[in-house]
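Structure record follows, encoded as structure tokens.
Every number for a ligand or one of its atoms is a count from 1 in the order of the listing. Index from 1, following the sequence.
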Amino acid sequence: MADKNNKIRVDFKKNRAKPPRGNDLTRGYKADEAAAADHATGERVRAKGDLSRKRTVTLPADELGETVPGRVLRLFGLYSDVELDDRSIVRCTVRRILKTVSTDERAVVTTGDRVRVVLACAGHEATVESAEPPLIQQGANATRPAEGVIIHVEPRRGVLTRASRNREHVLVSNVDQLVVVMALAQPELKPHLLDRYVAAAIQGELKPIICLNKADLVDPIEFIPIVGAYAQLGIPAVMTSATTGLGIPRLRELLAGRASVFSGQSGVGKSSLLNAVQPDLGLRVREVSDVNQKGQHTTVTAELIRLEGDGGGWVVDTPGVRQFQLSSIRPEEVEGLFPDFRPFVPLCGFPDCTHTHETKCAVKAAVRKKWILDRRYDSYLGLFHGIAEEG
Ligand code: GDP
Ligand code: ZN
């Protein structure tokens, strides 16, 4: 590891990484009006599963002391808060060499990064209790001395990126799963939109978790087939009610030990669910966003919020992720995002079968035989043709 030799690995220059896709990631998907207002900045967020590319940089050996592993919870300008294994939080600076090697300063260390830290003093007694929203405290915190230095960033996977002005930068790294929240009523369930979110999660190499909320407003029995259909695809689906607490323990289990992003249209109950999982969490998420809306200077900064309790886990909060949208998918990519199609695709008559108009199509045959659900096939066609799925 980094503490035993003098090599560190840093990001390649951006221009050697894959360029962001040029097309509009919100294409074919329209959120409701409230969410649409969030999009006014024209910034786009997407998930990307690729391991980011790294290269190795050599440091003078004597400059590396003992290091400890940690995870970046949030950034404050030049500082970042790093959570160590014992859950203490240490305010860190970033080793200069890490900064100068990259062309994009902001991407050097990002929220969610797994890092190695040299602590300023052995026992790090000076651990900071850091529950305050970062954006408000930035001025005050700037004078606080750092207690550690980040000298190494582990390779990233499961990143959420934001594209603006044709540049793409990482908002948060090492996200494990996307919790797709849909209401069973008010607003009514949109199965095709659900399929679309699930496809986006798979595309971003995030594990999809489906949360069907507001179960108190419907007869849940009616929706069991949907839950079962996803279970067959290996995708956990849970019916919840933030109001009655139904399904919340199961949701908590699904969040345990992982970093999760909540997504879904506004009004489906994301904040309420966060509050149900851990009181004050949704509230806190709201407060941070209000600060942003008052136009204070903020670079969009993501935060990992620690879930209390044995299972732990983190919820990702960022204004960007609130508007997590579906990245555009190329038509030929779509079949790969439908796990239920995979067994049939190789059996199609044409190697480049699109499963739309072709005669010798094994996917369509499977639909006729009910091995693939009509709903899933319709979702496929919708995505394939880039039809808006707002319902
Ligand atoms: P968000 O925009 O996705 O964060 O949704 P909110 O958490 O703000 O919830 C939107 C509305 O739905 C609020 O009026 C909530 O009280 C209500 N709501 C949220 N969860 C539930 C639920 O499980 N059952 C019912 N009946 N209402 C809910
Ligand atoms: Zn086919």
Study note, to complete from the structure: Between Thr356 and Leu381 the two heavy atoms that sit nearest each other are CG2-CD2, 3.8 Å
Study note, to complete from the structure: Among Thr240, Asn275, Thr243, closest by heavy atom to atom 21 (C) of ligand 1 is Thr243
**Study point:** Check: Phe338 and Leu383 side chains under 4.5 Å, non-hydrogen atoms
**Key:** yes
Check your understanding: Any side-chain heavy-atom pair from Tyr380 and Ile372 closer than 4.5 angstrom?
Key -> no
[X] neighbourhood, listing ligand 1 atoms whose heavy-atom distance to it stays under 4.0 Å:
X	value
Ser266	2 (O)
Leu217	26 (N)
Gly267	1 (P), 2 (O), 3 (O), 5 (O), 10 (C), 12 (O)
Ala242	20 (N), 22 (C), 23 (O)
Ser241	23 (O)
Lys270	1 (P), 3 (O), 4 (O), 5 (O), 7 (O)

Please list, one pair per line, the donor and acceptor atoms closer than 3.5 Å that link side chains of residues 247-261 to other protein atoms, with sequence neighbours excluded.
| from | atom 1 | to | atom 2 | distance (Å) |
| --- | --- | --- | --- | --- |
| Arg250 | NH1 | Glu253 | OE1 | 3.1 |
| Arg252 | NE | Val277 | O | 3.1 |
| Arg252 | NH2 | Ala276 | O | 3.2 |
| Arg252 | NH2 | Val277 | O | 3.3 |
| Ser260 | OG | Gln177 | NE2 | 3.0 |

Practice item. Report the part of Asn213 in contact with ligand 1, treating N, CA, C, O as backbone and CB onward as side chain, heavy atoms under 4.0 Å; options are side chain, backbone, both, neither. Key: side chain
Taking [X] for the side chain and [Y] for the main chain, is one N or O donor matched with an acceptor at less than 3.5 Å?
X	Y	answer
Ser173	Asp113	yes
Lys360	Leu347	no
Asn213	Val268	yes
Arg71	Arg114	no

Check your understanding: Under 3.5 Å, N or O to N or O, is Leu273 touching ligand 1 that way?
Key -> no
Point to revise | ligand 1 to Ala215 polar contact by distance, N or O atoms, under 3.5 Å | key: no
Check your understanding: Which residues pass the ring pair (Phe, Tyr, Trp, His ring centres under 6.0 Å) test with Phe344, sequence neighbours left out?
Key -> none
Review point. Under the salt bridge (charged side-chain N to carboxylate O under 4.0 Å, His left out) test, which residues partner Arg368, sequence neighbours left out?
Key: none
Check your understanding: At distances under 2.8 Å, what protein N, O or S atoms surround the Zn ion (ligand 2)?
Key -> Cys348 SG, Cys353 SG, His355 ND1, Cys361 SG
Point to revise | In one Ile/Leu/Val/Met/Phe/Trp/Tyr side-chain cluster, 4.5 Å: Val180, Leu233 | key: yes
